Amino acid sequence: QKVQQYIVIVQATDMEGNLNYGLSNTATAIITVTDVNDNPPEFTTSTYSGEVPENRVEVVVANLTVMDRDQPHSPNWNAIYRIISGDPSGHFTIRTDPVTNEGMVTVVKAVDYEMNRAFMLTVMVSNQAPLASGIQMSFQSTAGVTISVTDVNEAPYFPTNRKLIRLEEGVPTGTVLTTFSAVDPDRFMQQAVRYSKLSDPANWLNINATNGQITTAAVLDRESDYIKNNVYEATFLAADNGIPPASGTGTLQIYLIDINDNAPELLPKEAQICEKPNLNVINITAADADIDPNVGPFVFELPSVPSAVRKNWTITRLNGDYAQLSLRITYLEAGVYDVPIIVTDSGNPPLYNTSIIKVKVCPCDENGDCTTIGAVAAAGLGTGAIIAILICIIILLTMVLLFVVWMKRREKERHTKQLLIDPEDDVRDNILKYDEEGGGEEDQDYDLSQLQQPETMDHVLNKTPGVRRVDERPIGAEPQYPIRPVIPHPGDIGDFINEGLRAADNDPTAPPYDSLLVFDYEGSGSTAGSVSSLNSSSSGDQDYDYLNDWGPRFKKLADMYGGGEED
């Protein structure tokens, strides 16, 4: 603990150590002092304290600090903590912090305030390595830890959760079934518990909000779809008025004992039989929503009223669940008959039900199967009605066939009808389009030299953008002329000609080019004489009133010179 290493320099001299004649040399000896566990760990204080809420685990409630003068982070220094008294149920453990060597008192099993309000623990600390020989444990290696438990609001609980009761189905509304009460574990808090329904699928039950008494709100039916394996299950909620409030749930299971409350039903509802007996029979049975002993064996019998039922039909018992219905007479006219049958179960008291089975009586073949015509006749249609229906079907099919033939013939005539003249000579839908028109022989006397393009291009390069000569074919999108059909129809020729004429009239690229011609070059000279000698008269005796007679094109000139004295 004071010096961990010694460095010793040793000198050796010969000639008996004579410093004047002897020779000497030195060597270094390094001596390391190894640590032994000669210092037991000691708590820095004799008592520690902490606090923990009830029902909490993995919570550190106190940190225990120790002092050990041995080499840090060695087995002689590492501390091990133990609880030697005060925790018989094992609610706490002490874990060592590997960095600080402190002991962390941790809750590993929830504590209950109502059972233990405080714990007084005695803890002891030791090292991983045993103490060196002759070294005794210090009295400071033991300390006391006081842990206080704080009360929190706990949820009420049902002591018997999934409580099962048994009773017969069909009990009247308002019957008290049981009391399903909860317990509030907070004995030291003055709290009230309130009850409510959390799950009641059929809405059959009510619960008293203060004492948990459960009564029926409707008749309990074992045959309901809400019953699974004769058990009806409901869930209830118990909540206290603590801060914050807490609640718990409980499940009540009601096992319903069956009573005979459902009469049997005859099966099947419909059947067919041959019009002559001894060829086939109808097997009948019954279905009952109840369970044993309120089901079979069943009793099948025919009612006495009307008398024709027992006269025409008979029932033969096969076993407790099945019987056979057959004809009593030798022949029964084909048709559909409603046969009433009384079915009685074996309940106590027994219940019966009169069910109607619809029997189709029809003619049969040698195998005992109804023929097709016989089945139709058994459905209630006579021979005359069947013939009338067949005739109507034939007439309808004939009309449809005639209509289809007429449509095909009309379509064929439309495609095969052609023009009387040869298609090569047909010019009715041909429009002749020309690119330009000549001026004729009379236009050849004009001198067009003044309108020709000059040899130099300076005036073209310097002219204002957008100004051009338009005495040429305009450039633009070609118009869409109608396309001549491959096989023309006489009724479409007029429309075709009108559409082609309309397109030609609106075609800006078609001749003649009657747009305004704009020129920016007038030639280098003029063949006409000078007009500078034509001076206007300064005398005022010239009469220009005749300009008014020249029409609207000279109106502006007439207004300028025809005013006389007014100008």
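Small disclaimer: the values here were computed from a predicted structure and weren't measured.
Counting only N and O atoms by type, the side chains of Thr44 and Thr65 include a donor and acceptor under 3.5 Å apart. Side chains of Asp200 and Tyr232: a donor-acceptor N/O pair is present below 3.5 angstrom, by distance only. Looking at Thr178 and Lys163, their side chains do bring a donor and an acceptor atom within 3.5 Å of each other. A side-chain donor from one of Thr122 and Ser85 sits under 3.5 Å from a side-chain acceptor of the other. Residues Asn127 and Asp68 have side chains that bring a donor and an acceptor to within less than 3.5 angstrom of each other.
Here the straight-line distance linking atom CD1 of Ile329 with atom OG1 of Thr314 works out to 12.0 Å at 0.5 Å rounding. For the atom pair Glu54 CD and Glu154 CD, the distance stands at 4.0 Å (nearest 0.5 Å). From Leu220, atom CG reaches atom CG of Leu205 across 6.0 Å, with rounding to the nearest 0.5 Å. Distance check, rounded to the nearest 0.5 Å: CG of Asn230 to CG of Leu256 gives 7.5 Å. The distance from atom OG1 of Thr249 to atom CG of Asn161, rounded to the nearest 0.5 Å, is 6.0 Å. Considering OG of Ser141 and CG of Leu131, their distance stands at 8.0 Å, rounded to 0.5 Å.
Although no hydrogens or angles enter the test, the distance criterion places a donor-acceptor pair under 3.5 Å between the side chain of Glu169 and the main chain of Arg222. For Asn353 (side chain) and Ala263 (main-chain N/O), no donor-acceptor pair under 3.5 Å exists by modelled atom type. Counting only distance, with no hydrogens or angles, the side chain of Asn101 and the backbone of Trp77 share a donor-acceptor pair below 3.5 Å. Put simply, the side chain of Thr96 gets close to the backbone of Ala79: a donor and an acceptor are under 3.5 Å apart. In this structure, Gln140 contributes its side chain and Glu42 its backbone to no donor-acceptor pair below 3.5 Å.
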Let me have the donor-acceptor pairs involving side chains of residues 285-296, under 3.5 Å, with sequence neighbours excluded, atom names and distances please.
| from | atom 1 | to | atom 2 | distance (Å) |
| --- | --- | --- | --- | --- |
| Thr285 | OG1 | Asp321 | O | 2.7 |
| Asp288 | OD1 | Asp290 | N | 3.0 |
| Asp290 | OD1 | Asn262 | ND2 | 2.8 |
| Asp290 | OD2 | Asp261 | N | 3.4 |
| Asp290 | OD2 | Asn262 | N | 3.0 |
| Asn294 | ND2 | Asp258 | OD2 | 3.1 |

Output a table of donor-acceptor pairs, distance under 3.5 Å, between side-chain atoms of residues 332-342 and any protein atom two or more places apart or on a different chain; print 'none' if there are none.
| from | atom 1 | to | atom 2 | distance (Å) |
| --- | --- | --- | --- | --- |
| Tyr337 | OH | Glu333 | O | 2.6 |
| Asp338 | OD1 | Lys358 | NZ | 3.1 |

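With ring centers used as reference points, Phe158 lies under 6.0 Å from Phe180.
In this structure, Cys274 and Cys362 have their SG atoms no less than 2.5 Å from one another.
Note on Glu51 versus Arg56: no salt bridge recorded, every NZ/NE/NH1/NH2 to OD/OE distance being 4.0 Å or above.
Residues Val149 and Met115 fail the side-chain proximity criterion, which asks for heavy atoms closer than 4.5 Å.
Counting heavy-atom neighbours within 6.0 Å of Gln5 CD, excluding the residue itself, gives a total above 12.
Using cut-offs of 30° and 60° on the angle between ring planes, the pair Phe43 and Tyr81 is tilted.
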